[in-house]
2 protein chains.
Amino acid sequence: MKPMKIPEKTVTRLSIYLRCLEELEADGVASVSSRQMAERFGLNSAQVRKDLAYFGQFGVRGLGYYIAELKHNLERILGLKQDWEVALVGVGNLGSALIAYKGFQARGFKIGVAFDTDPARVGQVVGGVQVVETVKLVSTLRKKKVKIAVLAVPAPAAQSVADLLVEAGVTAILNFAPAQITVPEGVKVQNVDLSVLLKTLSYHTVRTNRPSPLRLEPRTIRES
Amino acid sequence: MKPMKIPEKTVTRLSIYLRCLEELEADGVASVSSRQMAERFGLNSAQVRKDLAYFGQFGVRGLGYYIAELKHNLERILGLKQDWEVALVGVGNLGSALIAYKGFQARGFKIGVAFDTDPARVGQVVGGVQVVETVKLVSTLRKKKVKIAVLAVPAPAAQSVADLLVEAGVTAILNFAPAQITVPEGVKVQNVDLSVLLKTLSYHTVRTNRPSPLRLEPRTIRES
DNA sequence: TAGATTGTTAATCGATTAACAATC
DNA sequence: TAGATTGTTAATCGATTAACAATC
């Protein structure tokens with residue numbers, strides 16, 4: 001066994017490959033080559049092969065990859081052979097939406113419990129999920145051994161809630177709060193800042209639709 | 001004039017820097033150094049300076065960056081000096097949530113119109129937003145000159161809706177559908193696949209909580 | 001001025017891609 | 001076998017970081 005460090009982007013792509021395999025399997029296809037998969041996503045076939053090769057030799061030379069087998073392996077690697085109970089913190093607009101969002105639950109991830117500090121929400125059942133007061137977060141998640149949490153609280157509360165999650169033994173956090181949160185080594189944070197994503201699109205839009213009047217002008221122009 | 005290509009990640013970080021500046025400004029601070037900003041996010045100070053230097057010389061040697069001025073410039077660069085009307089396609093669970101989500105609207109982005117094919121939803125007003133039938137998408141968005149759209153439809157519909165958006169003159173798409181969508185050159189797609197994000201966390205969790213009992217250790221930094 | 005910090009170039013690091021022997 | 005495609009190494013590309021002269 002080689003303790004090689006796997007690039008983050010490789011792991012993300014594994015999920016993409018898996019989705020591809022599911023589609024192909026639904027089409028009744030038995031095998032697929034790295035080139036075929038790459039073309040589907042505008043990637044390089046060597047990259048597909050390399051990504052997979054980090055985890056083992058799943059292919060058959062001259063043929064490609066057996067879909068059922070590769071799918072099985074990717075599910076195993078990604079930890080999708082088990083169900084995950086996910087905790088939600090923050091049952092506001094976004095949090096409620098995430099409970100309702102079926103795609104979120106689709107693949108073995110189930111929001112089993114939600115936390116909020118608002119007394120108006122505590123005790124309610126939102127989309128089948130019990131809303132518990134945040135002071136009970138640590139004891140509740142420890143008891144349930146929850147490892148994955150979704151953070152959908154306002155930015156100022158994000159760090160303190162993250163601290164609670166870590167204390168409760170959570171090792172992976174999907175953070176929707178527009179805030180930088182700091183966690184100990186070994187805890188993984190995935191930030192999803194919708195506002196940042198929109199700003200990136202805004203940037204792109206001003207550049208793309210440039211024929212408009214407003215032009216970018218750095219304070220000084222320099223040439224080497 | 002050199003039309004230098006700006007890394008995608010640089011643009012993303014600009015948004016982060018801007019958030020930092022907003023916080024500092026609220027604290028009444030007048031200037032900040034690249035080192036101070038870098039520390040806040042666990043980045044390298046040279047990276048901060050380099051990111052900014054792509055767009056001009058905004059700093060003062062020996063001092064750092066004047067917050068008000070840099071903030072102004074980042075807003076200009078990111079296209080935040082104007083309001084953007086955003087179109088939403090797909091008023092299901094996620095779509096409705098995005099309408100309700102205030103953080104989404106916060107910074108000059110306003111969902112002005114929504115589209116859906118479901119007759120039960122068409123004609124309704126959700127969160128103050130009119131739901132229009134998707135067949136009217138192209139004409140409506142052309143008339144309104146909408147450039148940014150949020151795609152929150154089921155995966156199988158994603159590509160055909162994306163085609164309509166492009167036809168309507170949209171140049172930036174925030175895609176929540178778990179599907180690979182293909183667009184012409186010049187149109188920017190930001191994919192936000194919540195399921196992929198969760199799988200990445202699942203991967204991390206099986207690896208972290210694997211052989212040994214979990215060990216949590218000193219505090220370190222971040223992730224983007 | 002003396003100290004600090006930028007803007008920028010050069011070095012390093014990491015990830016993508018090309019190439020090809022191995023082999024189904 | 002002949003053709004195809006993997007797994008992997010080497011080459012390339014791009015992004016991060018270190019270093020430092022310029023200069024406030």
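Chain letters run A, B, ... following the sequence lines, proteins first, then strands; residues in each count from 1.
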Checklist entry - For the atom pair CG (B:Asn175) and CD (B:Gln190), what is the distance rounded to the nearest 0.5 Å? => result 10.0 Å
Next on the checklist: Measure CG/B:Leu43 against C1'/D:dT16 and give the value in whole Å, please.
Outcome noted: 11 Å
Next on the checklist: Can you measure A:Asp51 atom CG to C:dG14 atom P for me and round it to whole angstrom units?
Outcome noted: 17 Å
Checklist entry - Do any side-chain nitrogens or oxygens of B:Tyr54 fall under 4.0 Å of OP1 or OP2 in D:dA15? => result no
Next on the checklist: Between B:Gln36 and C:dT5, is there a contact of a side-chain N or O with OP1 or OP2 at under 4.0 Å?
Outcome noted: no
Item to check | Within 6.0 angstrom of B:Lys145 NZ, more than 12 heavy atoms from elsewhere | outcome: no
Checklist entry - Within the structure, does a side-chain N or O atom of B:Arg49 lie under 4.0 Å from either OP1 or OP2 of C:dT6? => result yes
Checklist entry - Which residues within residues 24-35 of chain B lie with some heavy atom under 4.0 Å of an atom in DNA chain D? => result none
Item to check | Residue met sooner reading DNA chain C from 5', once A:Ala46 and A:Pro7 are mapped to nucleotides | outcome: A:Pro7
Checklist entry - Toward the 5' end of DNA chain C, which comes first, A:Asn44 or A:Gly62, by nearest nucleotide? => result A:Asn44
Checklist entry - How many Å lie between CZ on B:Phe58 and P on D:dC24, as a whole number? => result 17 Å
Next on the checklist: I need the CD-P distance between B:Glu39 and D:dT17, as an integer number of Å.
Outcome noted: 14 Å
Next on the checklist: Within the supplied structure, the quantity of interest is the number of heavy atoms (other residues, nucleotides, ligands) at a distance under 6.0 Å from A:Phe58 CZ; does it exceed 12?
Outcome noted: yes
Next on the checklist: Tell me whether A:Glu85 is salt-bridged to A:Lys147, with the criterion being a basic N under 4.0 Å from an acidic carboxylate O.
Outcome noted: no
Checklist entry - Distance under 6.0 Å and angle within 45° of the ring axis: does A:Arg207 meet both against A:Tyr203? => result yes
Next on the checklist: Looking at D:dA18, I'd like to know if its phosphate oxygens (OP1 or OP2) sit under 4.0 Å from a side-chain N or O belonging to B:Gln47.
Outcome noted: no
Next on the checklist: Please classify the nucleic acid contact of B:Lys50 as base, sugar-phosphate, or nothing, using heavy-atom distances under 4.0 Å.
Outcome noted: base
Next on the checklist: Rounded to whole Å, please give me the gap between CD in A:Glu8 and P in D:dT16.
Outcome noted: 14 Å
Checklist entry - side-chain contact (heavy atoms from CB on, under 4.5 Å) between A:Met37 and A:Leu43: does it pass, once the steps are laid out? => result CA-CA 8 Å; A:Met37 274 198 276; A:Leu43 302 175; over 6 Å; no
Item to check | Atom-pair distance (CG on A:Leu52; P on C:dA15), nearest Å | outcome: 17 Å
Checklist entry - Counting only Watson-Crick or G-U wobble pairs whose two distances fall under 3.5 Å, which nucleotide matches C:dA22? => result D:dT5
Checklist entry - In Å and rounded to the nearest 0.5 Å, what is the CD to CG distance from A:Gln159 to A:Leu151? => result 9.5 Å
Checklist entry - Taking OP1 and OP2 of C:dA4, is either one under 4.0 Å from a side-chain nitrogen or oxygen of B:Tyr65? => result no
Next on the checklist: Using a distance-only criterion (donor-acceptor N/O pair, under 3.5 Å, no hydrogens), is the base of C:dT5 paired with the side chain of B:Arg61?
Outcome noted: no
Checklist entry - Does atom CZ of B:Arg35 have more than 12 heavy-atom neighbours from other groups under 6.0 Å away? => result no
Item to check | Rounded distance in Å - CD1 (B:Ile6) to P (D:dA15) | outcome: 10 Å
Item to check | Between C:dT8 (P) and B:Phe55 (CZ): distance, integer Å | outcome: 14 Å
